[in-house]
Structure formats: structure tokens, C-alpha cells
Amino acid sequence: MRPRWRRQALPGFGLTFGVCASYLFLIVLIPLAALALKSATLGPAEFWNAVASPRALASYRVTFGCAALAGLVNLVLGPLLAFVLVRYRFPGRKLVDALVDLPFALPTAVAGITLTKLYAPNEPLGAWLASLGWKVAYTPSGITVALIFVSLPFLVRSVQPVLEQLDPDIEEAAATLGAGRLTTLWRVVLPALWPAILAGFALAFARAIGEYGSVIFIAGNMPMVSEIAPLLITGKLDQHDYAGATAIAVVLLVTSFVALIAINLLQLWTVRRRSADTR
Amino acid sequence: MSAHLPRKSSVALRDPRWLRWSLLAIALAFVALFLVLPLLAVFGYAFEKGLDVWRAAVVDEEARAAIRLTLLVAAIAVPLNTVFGVAAAWLVTRYSFRGKGLLVSLIDLPFAVSPVIAGLIYVLLFGKQGWLGPWLADHDVKIIFAVPGIVLATTFVTFPFVARELIPLMQAQGGDEERAAITLGASGWSMFWRVTLPKIGWGLLYGVILCNARAIGEFGAVSVVSGHIRGLTNTMPLHIEVLYNEYQRTAAFAVASLLALFALLTLVLKQIVGWRMRRIAATEPDA
Amino acid sequence: MSIDVADIHYAYGSAPALRGIDLSIESGELLALLGPSGCGKTTLLRIVAGLEFPQRGRVAFNGRDVTDVSARQRHVGFVFQHYALFNHLSVFENVAFGLRVRRWRLRPKRDELQRKVRDLLDLVQLGDFAHRLPAQLSGGQRQRVALARALAVEPEILLLDEPFGALDARVRGDLRRWLRGLHDRIHVTSVFVTHDQEEAFELADRIAVMNQGRIEQLADPQTLYTQPASPFVCRFLGEVNELPVALHARWSGHDEADVTAFVRPHDLDFVPAAAGGARIESVRDLGPTVRIEARHPALSAPLVAIHERGRFGGSGLAAGQAVAIEARRWVLFRGEQAVTEA
Amino acid sequence: MRRTIAAVFASALFALGGLAHADTTLLNVSYDPTRELYREFNAAFAAEWKQQSGEDLKINQSHGGSGKQSRSVIDGLEADVVTLALAYDIDALHEHGDLVPADWQKRLPDNSAPYTSTVVFLVRKGNPKGIKDWDDLVKPDVGVITPNPKTSGGARWNYLAAWGYAKKKYGGDAAAQEFVGKLLKNVPVLDTGARGATTTFVERGQGDVLLAWENEALLALAEGGGKGQFEIVVPSISILAEPPVTVVDKVVDKRGTRKVAEAYLKYLYSPQGQEIAAKNHYRPRDAAVAAKYASTFPKVPLFTIDEVFGGWQNAQKTHFADGGTFDKIYVPGAK
């Protein structure tokens, strides 16, 4: 019997499937398989030693901690910026809106050297901050600053469209029910934004975990203090320790993967809840 | 597509003045400190020692080689990812098949991979000590520490951009126009060129712009596979690093200012294209 | 061109959408597929067009099996619910599309193409709009462009998916009559999908009522209304009172316990009677008609009678009154089966 | 739009052509602080080679941390010659890819190290902390900048220099371990490479003293961010740093560049080569050139790796391998 049910009405299934599958295999799957195989050459004990050495643990603390901190700062300021961009009209709004994508467009190395120089203790801004007792460059603070820069667009851009689509009726309804403006924003608008905010946070976090270019210049790269996990990977590579580098890579990969899966689940959940609302 | 624009006239949506001003002030201060200041700083540092120093840094032979290499890599990686992106978006939005969810996750995968790891995987694969290394060496094929490796790493990192931009767009647009074209007797290619491409044109351009920006600026992945041979395998970001480490700060910022200029161009293009897309979406009949 | 559909089965994943459809459509006929949303009517239409491929079953045009023929080669005109106009092309180019993508040898010459498209635009009364973009047209105009575009390739079958679904009520009525007139002129075999029974009744020669992936009844509108084949059809075609045996045995002559009488509001009478068992609950004047609702203790839903104003004038019913139930016309069902009058 | 794409492609192809076409090329894979040295030396040798053989020669340079560069070569970076910070990194080329023979160090004079250097202190103008010798580095309020010995060849020299000093002065490895441990406590930033550490000290203003190779310190004085803001302090005793060079046999045999590669390294030992090394702040081996530059390079008692540590393989295993002495005594962040 012909597998007739497999037929598709629109042409191109075979072609696009072929292109996608082979491209995915060549560019993504085979190299990642190499990574998995390499880490598998380590025994469980060796693997554990590589990924749980004090220095590795410290680097996770720095990487995940700074990424989370940067994410949190953006968690507050990103939606705030999105709100201002969507709701307020002020001169230069379009310019600010365009600038939000600067961290996407600006090569990370450029961001890295610039932020480093800006916040270095021998430059005006860095010196001023240092005189306040806050050293930014070459400390985890510097890493956080770089990661705030890099992950800023994620929060703004994930919240912005939701805010644009938000039906103003619900806010008017809240107002007619006697809610003050702040109460309305807090109890009506913010809850509607949460899924987008969390999705943006997860994206920002996943990106920040792996960030390299903008961080290494400003990090100071002190083992146990300001050394990020990606740098530990290159460090291990430089010592011919491929398996160890791979093991840490696996940890990073799994973490950002979990973040991404969380986003997908969150979006699925949001879509479901929203469609349930309208039905 | 129904975009509710906030009814500006509605009194209920008007925030109290103190709230409006404080939110605006916080937001603008944030933007000024984290976006405007670094951007100005790049140019400030670049021209610190005058135009001649800047010019000298930019026309330096190694800088020119880096610029050429960067453009070359983008010119290969971006078209590849564009073709893939269109194919993937078509596949994902027009058919239902087993494993589609997996495919979508795989497309997203490079987003979750640290650039350093993206470089590492190619070293594991093509390095002398890697799986294909010995074979490649025997056949005198150079991948790692040569242009192909840089292209591969860049392609990996910029892999999802076009597809990610097109998938939601094509999902929202639906395939009825294409189906209409087919019932009217159009062939697959004719449908693609006459209906699909005009439909997704701006969205595609948008994705290509993003992809290109990232391809030109990639640092981590390229750094691992490049070998840092001056004038040969240093891309612009790597060249910046080299200059930075050589006490040639002003020169480093001069080359960085080129990239920043390019980033600004990207932002402008992106804004124009985004504006066109919104206008088209607005004139489209409500579905 | 006639269409024969035999034993069509179709499922989205594991959810069955069509379960054994048999349907024959005569050449030149205008047939409606009517049913609630999710009944499979659009899927069936798309299978006929070649936009979906059934897991089982056959589709034939004029007796020629086209089950495996692609949409491109089936040569049917398809009008999409939301028209699917090419937004980047002018009205003229939309209509001309099907001619331009033909194989080189079959492609009409420039002048011929111009003339053909002009004729079609005149036919759909859009001659003055040739150079507009779809975005600059009203909903009804877009609909007609979609129709002209489908007709441009001279299909022998025209398929319309909820053709008036996206229009407002007034335009819908006008366009409906216009389409009926058009069909009477060009006589192309047409099938359209709708969930609006009024639309189906006004337009179609025959109507296939669908429910849960099956055709419940295929008949002309009058038969459908007077002799529904199932309680579903009966309910779907409009408001209906369902009376258990205790309430209808007196006048229907059937006294089996499991027979239900279905009575349209127009066919129901309330007669003042102290021991009638029902009590008038409300009387509402709707203008041309009067709507009377009554409660019977054996029924959870109210009984509804709708009378023309003239007839009601004489009945003298008012809320609170005790009444007996009478019917002028009814249909009997035992379970899902129609009970034929002996 | 289409024209732009065509233009991009055309320029891309042009660029590719430009990359592919070259006369004889050599790739010298070196470590961080030799950038300036080889920039000058390459030009000189290319001219010399043109004269000798009439061939146009293009010499490409790659710089990075010594260990990292060694790894790249093992991974397939086709270096005709390597000029690294320490012999151990070249030994790795033998170990991991059999790229050079085991006895590579015997092929050229002076342990294959055509120039030497030593570890000195770079302090801020006026020496505010009064740093005179190694003992001053372990004082509690002194910030010492040195790169990470795990990744930087230069840093290993620094580390071993301190170790050797303490071992000689206080007698025995236990005392030395305590001394170096105290010193490492004073290190606020551990950069990956020697150049990074210099940058941290000079440009970022971190720390009070930079442990640096003499050449790097002299370069920082001459070219670094703030001229006249630093002083060099020469300790009472230091280590003899011998950065070795070698031809990578596997590569030159494959590419047919052995002749020019060997000539390239030999030229390092020639008076001209020695002169360039000296100009770039490396101590020349050639006695005549050394005499000429005597004022630049103060006399310091120097000990060698072989004397104190029994060679690089030993030093590496004891101190820098995972779980080695460095890992034991370096407790970062603990102040």
C-alpha cells in the first residue's frame, strides 16, 4: 500500500527536510556528538574530579552568580524600560528603542574592551566608583556589568511586544473598579507580563552563562574569584586537558539547555493558558 | 494581527505625573549609563589621539587583512544560514511530522552553547588530536587554524538567527497564499519566488541583518579555532584583542570603532526594516 | 464536472476528523457542507481540492480517480476563508496569477491575458479596482477578488471555504445572493463550507449536514427541514422542542416509551386548559412574531412557541396561565433513529 | 540589493585569492612578549633571505600564552618554527604529536635558546613601597602581579625564581613552599598570560609590583601606557630564563620549508639577530653584542632550572601539574 497519507499538499517537504537534516547534522549534531564522546572518555570519577574541583566550583559560582545577578538587574530595569518605551511618548524615544539592540549588534570584544576601559580604576568613572569603595573592573562586579550589557535586550525585547498587545480594556476595567494607577500596574499589568519576563530572563541567563568576549577583558580572571567557566575551559585546553575542558563544557551546556527547556515549557504553558482564557 | 495601541486619550491609562517622571528618569539613566556611555566611549577612545592615528590603525596592513577576512567569513556563513533558515522555517511552519519539536529545539541549540564550546567542538572534531584530524592531515585539508574553521565556528554560532526570525513570522502568516498559488497551478519554485519570498522578504532581511551582525562580531568561538596568525587568521575582533594586548590601545579602539560604526548601521537598517514590517502587518487584512 | 468521494478517512495525528465519508456531487450542482465547527467539513473540502490527503478512501472527478493527484494538477478553483490574496500584488495581478504561472506554451498572450482578467474583474464588478492592492479593498471586495482569481484558471470545480465567514451581516446577505446569481450563470460545480444554516438554505441546491466526521444527511433544503434524518440534524437546523412520550402521545399517536417528538416553535401551540400540565412563563413581542415560553414540570428546558403576530392576537395567552400542549407538525425519533409514520 | 550581494561576493573571492596567493611563507608561533622582537626580526630576515636566495619570504606571526600556543601547534596549527617561553612547552610537541624529536634542544647552541632574560620587579615611580628584594614581596600590604603559572610560561619562571631564591636563602623546599605561598597570597589578579599581567599592572593600575621578565619590564618602561611612571628593581638573585626555539620537523618536512626555517633560527644567533634581540630587551648570548648593551642589562647572579629544579620535566611535574605544589599552596581569594 502506498504511504499516501504521508503526502503533503505544499511542495518542498523533501527538499527542505533534506536541507535541514543534513545541515543540522553537519554543523550542529556531529560536532556536539564529538563533545559528548570526548567527555565519555573520562571515567565517572575523573569526570567528577574535573567538574567538581574547587576551582571549577568557584567558576560556576562566578558564572552563574554573575549571570543571575545581571539577569535580576535586567529583570527589574528591562521591563521598566519596555514599559516606558511602549507607553510614554518622549523626544528621542525611537532612538532609545533602536539603541536597546546595541548589545546584539556590537561585537562582544568591542563591548569588552570599552567597558573595561570605562570602569578601570585609572579612568574617571572607574576612579570615582573606586573612591566610593566600589571596584568594578577586574572583580565580579565588572563581570556583572558586562553581562547586564549583553543580556539587556533579551528582557526588553521579550516584554515589549506583550505590552504592546496588552488590551488596555483590562486596565480601564481595573480603574473602574476603583484601583489606583500603581495598584493597576502592580496587580493587573505586571501579572500579564510575568511569562514574558521569565522567558526573557531565562534567555538572558542562558546567554550570559556562555558569554566570553565581553567578559574576559573586564573579569580580571582570578581563579576562585573572578574566573568564569568559559575561561576555565580555554585554560584547560591550554594545558592539553581536553577531557577536563569537555567535562566543564558539558556542565555549561546542560545548564543553558535546562534554561532553554524552561523557556519552551513556559511558552507552551502561556499559550495554553491564554487560549484557555479566550475559549 | 490586532495590535492594540494604548488609547492615549484614556484617562484611566494615564500614570500620575510623579510616577511617569520617575519611571522615565530611571529608564533613561539606565540607557545612558549602560548603552550610550559605552558607545560614545568607543569613539572617544578611538579618536583620543587624533584622526591620523585612527587612520593609521585602520589602514594598517594587518587591520585590512582582518577586515577582509571578517567580510569573507560573513559572506560565506550568512548565505549558508539564510538558505538553511528559509528551508527550516518552511519545514517547521508548513508541515506537521514526527520529530518536529525536536527539530525546533535543535535549531535553538546553538543559542544555548557558549561560543567557547562552539570553538571547542570543532577542535575536538578537526584538531590533530581530534577524530578527523589525522585523516585531514593526511589529505592536507586545513580546517582548524585556517579560514574553513573560522567559517564553521561562525556558522555554528549564527546558525539560528534567520530561522528564528522567520518561524514566528511564517507561522503568523499561515500558508494559505501558498496553497492558493498551488491550486492556481503554480509550481513549487514559482510559488516560492512569486508568493513566499515577497511575503517574507522583510522578515528575511531582518534575520539576515542580525545574523550578519553576529557573524562579524563573533569572538569566543573564532578565538578558539583561529590560531591567531596575524594577517591570515585574525578577524577584526581578534585583531582588536591583539592590538589591545600590545599596548596599542588607541589602535584597538580605532578598529573597534569601525565595528561600532557597523553596529550602528545594523541598528539603523534593523529599525527601517522593522518599521517596514510593522507597516505591512498593519495594512494586511485582519485574519 | 461531477465529484465522487468514497470512504474518506482522515485523522490529525490520533484525532479522527473524517470517518467514512461518501458523497456524490453532480455536475453543475451547488452543494453546501453544513455543520458545527470541528465537524470536518473544511477538511473534506480541502481533501477534494488536494490540499490534504486522506488516510483512506478515494476522490474522483467525472469518474477519473484523482486521489493521488496534487492540488496543482487538480485544476479546481479554491476560495479561502480569509481569501489568501497575494498582498504584494495588485488586484489585476492577483487575478492574472494563475495564467502567468502556466507552462510557457499554455500561457496566454499579453492581450489575451489582459482581456481575460478584465472580463473577470467586470464579472465580479471590480473593473475599476484593477490597480489597487488588496489592503485597499473592503472585505466584500477582497472576497470577490479571491473568487475572480479562482475562476481565472477556468476550473470546472469551485470550492469555497466559509466564503462569507469573515464579512459583516449585511455584506454577507448581498454577496450571497450575488454568488447564487453568478452560479446560475456559469454553472460550475461548486461546493462551499458553512456553519450558517440560513446561508446553506439560501444558496445551495443540496446540503450535506456533517457531524463528528460523518455526513448525517444529504438532501435538498426542504427535505432536510421537513424530514431530518437524525435528532442532530433536527437540532442543528434551528430551535426545536423535544417532547417525551407523555407529552406527545395524545396527538402523535405513538405511545412507545422511548420515542421523542421534535416540534419546531412555529408548529407548537399552547391551548388554555386548567389541567394541561404546562404553565406560561413569559410572552415576548418580537415585532413580526411573538415568542411564548412555557414550563412543564417534566422538562428541564422551557417549551417555546413562536407565533405570527396575527395568529397570536386571538389566543389571549398571558404569563401564569395553565395550558395544554398541541402540535401541528412533528418528527419522531427513537434514539437516533427516525420513526417513519405508518 | 542584488548588486550589493554580488559586490560582497566579489570582494570575498578577492580576499580569498589574496589569502591563497603567497610566495614562500613561514609561520613562527611564539609567545606573548616577543611580538615586538619578531616584528623587527622578521623584516630583517626576510631582507637577508631575499639577498641570499632571491626568494620573497613572508613570515607570519602568531602570539599567545606559551602553553596555549604549544597546544595550538599540537592541534594542527602549522608552525614552521616555534619560539616559546620554556622548554617544557616544546617537549609537549614531542610528547603529544611527535612533531619534534626528543633531543630537539641539542640541535642549536645554548640549549636552543638564542637569547635569555631574567625575572625582575617593575614598581611604580619612586618605589613607594620600598621594594628592594624578594623578601619585600611577602610583606602583608604589598600587591604582587604575576600571571597564572598554569597557563603562562612566563609565570612559571616567576614562580620558580621566587622558589629558588627562598630555597637558597632559607634552605630547603619546605621553607621555599611557605615563602611562595605567602607571596601568592599577595596576588590580587592572576592573568592568563604575561602580557595580560603587564597590562593589569601598567594600564589597570593594579598592585604595587609586577613580576616580569626583564624584556617585558623594559618594554613597559619604553612603550607601556605611562612612560616614566615605573622603575625597575633588580633583585639580589634571580633565575636564568631561557626561551627556546626550534624547527617543527613534521611541518617543515611536509611543507618543504626546512631550509629556510633552519636559516631563520640560525639568523637569531648571528650578530644582526643578537642585536635585534638586545634592542628588544632580551639578553643576547653573543659576547660582543652583550658588551655593547651591558648598561641595559645589570649583572645579577642567576641560577638555572637545571641547577635548582633538575630540569623542566621535573619542575613541571612537581609544581605545575594538577595536584602539584602550586595547586596546594595557591588558595585564591583567601586573604
Side-chain angles (χ1 to χ4, degrees), chain B residues 1-3 90 92-104 166 169-206 273 275-287, chain C residues 12-13 45-46 48-52 70-89 93-104 106-107 133-139 141-143 145-146 148-155 157-159 161 165-167:
Chain B
M1 285 221 163
S2 62
W90 181 258
V92 165
T93 60
R94 295 295 177 257
Y95 310 111
S96 58
F97 52 93
R98 222 170 291 160
K100 185 159 125 179
L102 182 72
L103 183 79
V104 175
L166 285 183
L169 178 71
M170 288 172 73
Q171 199 98 59
Q173 286 178 334
D176 274 354
E177 286 93 338
E178 279 88 352
R179 290 193 191 93
I182 292 296
T183 62
L184 292 170
S187 68
W189 283 118
S190 162
M191 171 205 74
F192 179 75
W193 290 110
R194 284 167 180 266
V195 178
T196 308
L197 209 55
K199 239 172 88 178
I200 63 172
W202 290 104
L204 182 64
L205 191 58
Y206 198 78
V273 171
W275 175 71
R276 289 295 308 238
M277 276 165 74
R278 266 196 296 280
R279 222 181 52 159
I280 288 170
T283 56
E284 244 162 44
D286 273 1
Chain C
Y12 292 101
L45 191 78
R46 293 164 69 92
V48 173
L51 292 174
E52 307 281 354
S70 75
R72 189 184 168 201
Q73 270 124 24
R74 281 196 198 186
H75 210 64
V76 298
F78 197 101
V79 178
F80 289 81
Q81 185 177 2
H82 300 292
Y83 321 131
L85 295 182
F86 307 132
N87 287 312
H88 60 290
L89 297 180
E93 285 302 323
N94 261 281
V95 176
F97 185 91
L99 303 172
R100 292 208 195 275
V101 297
R102 276 193 193 165
R103 239 179 282 270
W104 182 74
L106 303 174
R107 209 175 293 159
L133 285 175
Q136 298 164 312
L137 300 180
S138 73
Q141 289 168 332
R142 284 186 206 148
Q143 216 273 347
V145 175
R149 184 179 69 178
L151 292 174
V153 293
E154 294 168 5
I157 291 171
L158 183 61
L159 304 173
D161 186 6
L167 300 175

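What you see is a predicted model, and the numbers here were worked out from it, not measured in a lab. All chains are named by letter (A, B, ...) in the order of the sequence lines, taking the proteins before the strands, and each is independently numbered beginning at 1.
- By the salt bridge (Lys or Arg N to Asp or Glu O under 4.0 Å) test, C:R102 is found to be paired with no residue, residues two or more places apart in sequence or in another chain being considered.
- Taking all atoms of both residues into account, the shortest heavy-atom contact from C:V153 to B:L184 is CG1-O, 3.8 Å.
- Listed options B:A181, B:S190, B:G175 were ranked by heavy-atom pairs under 4.5 angstrom with chain C; first place goes to B:A181.
- Side-chain contact between C:N87 and B:E177 is present, with at least one heavy-atom pair separated by less than 4.5 Å.
- Residue C:A150 touches chain B through its backbone alone, counting heavy-atom pairs closer than 4.5 Å.
- Taking C:L133, C:L51, C:V76 one by one and counting their heavy-atom pairs under 4.5 Å with chain B, the maximum is reached by C:L51.
- At a 4.5 Å heavy-atom cutoff, B:S96 makes no contact with chain C through either its backbone or its side chain.
- Closest non-hydrogen pair, B:A186 versus C:F97, comes out as CB-CE2, 3.9 Å.
- Contact detail for C:R46 and B:D176: the closest heavy-atom pair is NH1-OD1, 4.2 Å.
- For residues 181-194 of chain B, the set of pairs meeting the salt bridge (charged side-chain N to carboxylate O under 4.0 Å, His left out) definition, not counting sequence neighbours, is empty.
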Criterion side chain to side chain contact (heavy atoms under 4.5 Å, CB included) on B:R179 and C:F80, from CA distance to verdict: CA-CA 9 Å; B:R179 290 193 191 93; C:F80 289 81; 3.5 Å; yes
